[in-house]
Amino acid sequence: MSTIQSSFLIATILMLLLLDFTVDAQSSADVVFPLKRYGNIVPGTDITKALANAWKDACTSNRSSAIVIPGGIFKVKEGIFKGPCNSPIDFQLGGTLQAPKSLQGNNWITFERIDRLTLSGEGVFDGQGKAAWKKNDCHKRINCAQLPISLRFNFITNSIVKRITSLDSKNFHINVLGCNNLTFHNINITAPENSPNTDGIHIGRSNRIAITMSKIATGDDCISLGDGSKQINITNVTCGPGHGISIGSLGRYTNEEPVEGVIVKNCTIINTTNGVRIKTWPASAASGTATNMQFLDIIMVNVSNPILIDQEYCPWNQCNRKIPSKIKISKVSFKNIRGSCATPVAIKLICSRHLPCDEVKVGDIDLTYNGIKGPITSQCTNVRPIISGKQNPKICSSPYVVP
């Protein structure tokens, strides 16, 4: 672990210890803007306008402020909360905000260009996604119709999101873009296993993002890291069902930025299609790199692909597997990963023949398979892993079969 990563991890832990002593219902803000000040706030009504007015007042306040949303179920057509603001803002959600059932737009709730934001409370962002899932075919087609993302965080700095729930998003639950020093703590994300493209938290082009003490159950990746993700710490997360914790996919587009400095530690992954995964497209649009990634102290429970590097990621045959990936993967560590897998191939390290993986360390692996499809094995190609400690299964024990 680098000095920068260690410092960031220690700082995050200290900040969270302090935050756990605070009570969301009692804001330390200098000025409180209760939503009832902005109209007849009755459960079941639309509070879109009231929220916009409260945000305007809070954002222009020269003293730290809090927006307080009471208990109850309220409707919000679209919420756009933009800065820059004059002072820190605590957005406290006590009730449930419901998205429209219609499928219009790319966004539902957006926080943008804000420094020192706290989004807190025991409340729920309900995306009401059930009607959308049958129309969401982005997992099958490149040119698909986009559906609204429940929560967008664009260019947010020095902020925290804690104790909220995201329920039944139509598309991604949470999308993070261009953020710096943003923490998600004690988050609950829930959608059915068969809900397509409902990634729990997707991060792109952001630095120093922490996800801690959270539960994510969804129909796609619990956490996915896109290009430009740097200094990412994921600790004490329970994932499942879903597609696991993924870096990528990378290499699909031109002008992608490097991925660097990722730690996934002390996580439990249950009944997912993948465990921890790095995925890049063959026939990459441009060259790129992904380096310094660590997966440590992870428990797998009935996971189909517990450990996976896949540089031939090509869902629904949307690419040409015969052209190797141009994404260089290096300095990867899989250590102390244990539990059970749902298939006999517990480990796949499938690297690019154009740019073989470098410095892939695999140590203290103890995975079991109790099925009837053969003994537990692992597959490798275009990689020479550095092996230490226990090996169950033996690393690179079976030949790789090209799909």
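The first residue of the sequence shown is numbered 1, and numbering continues consecutively from there.
Side chains of S330 and T291: a donor on one and an acceptor on the other come within 3.5 Å. Of the N and O atoms on the side chains of N274 and S304, not one donor lies less than 3.5 Å from an acceptor on the other residue. Remark: the D115 side chain and the T157 side chain contain an N/O donor-acceptor pair separated by less than 3.5 Å. Judged purely by distance below 3.5 Å, without hydrogens or angles, the side chains of T198 and T218 pair a donor atom with an acceptor atom. T48 and D46 share a side-chain donor-acceptor pair at under 3.5 Å. Side chain to side chain, T212 and T235 fail the donor-acceptor criterion of an N or O pair below 3.5 Å. In this structure, a donor-acceptor pair under 3.5 Å is present between the side chains of Q92 and D90. The closest side-chain donor-acceptor pair between D57 and Y38 falls under 3.5 angstrom. Donor-acceptor pairing under 3.5 Å is lacking for the side chains of S195 and W133. Side-chain contact check for S340 and N302: no donor-acceptor pair (N or O, by modelled atom type) lies under 3.5 Å. Using a 3.5 Å distance cut-off with no hydrogens or angles, the side chains of H173 and S150 do not pair a donor with an acceptor. Counted by atom type alone, S246 and R277 present one or more donor-acceptor pairs between their side chains at under 3.5 Å.
Of the listed residues (N158, I156, N207, I203), just one forms a side chain to side chain contact (heavy atoms under 4.5 Å, CB included) with C179, and that residue is I156. For the side-chain hydrogen bond (donor to acceptor under 3.5 Å, both in side chains) criterion with D358, the lone passing option out of K328, R384, K331 is K328.
The SG atoms of C59 and C85 lie less than 2.5 Å from each other. Less than 2.5 Å separates the SG atom of C351 from that of C357.
Between F153 and F184, the gap from one ring centroid to the other is short of 6.0 Å.
Taking a cutoff of 4.0 Å between a charged side-chain nitrogen and a carboxylate oxygen, R338 and D364 do not qualify as a salt bridge. A salt bridge between D310 and K348 is absent, with no side-chain N of the basic residue lying under 4.0 Å from a carboxylate O of the acidic one. Salt-bridge annotation for R152 and E112: absent, with no side-chain N of the basic residue lying under 4.0 Å from a carboxylate O of the acidic one. Salt bridge absent: K130 and D168 never bring a charged side-chain N and a carboxylate O closer than 4.0 Å. Looking at K279 and D221, a side-chain N of the basic residue comes within less than 4.0 Å of a carboxylate O on the acidic one, giving a salt bridge.
With hydrogens and angles disregarded, no donor-acceptor distance shorter than 3.5 Å links the side chain of T280 to the backbone of G251.
Annotation for E193: atom CD does not count as buried by contact number, only 12 or fewer foreign heavy atoms lying within 6.0 Å.
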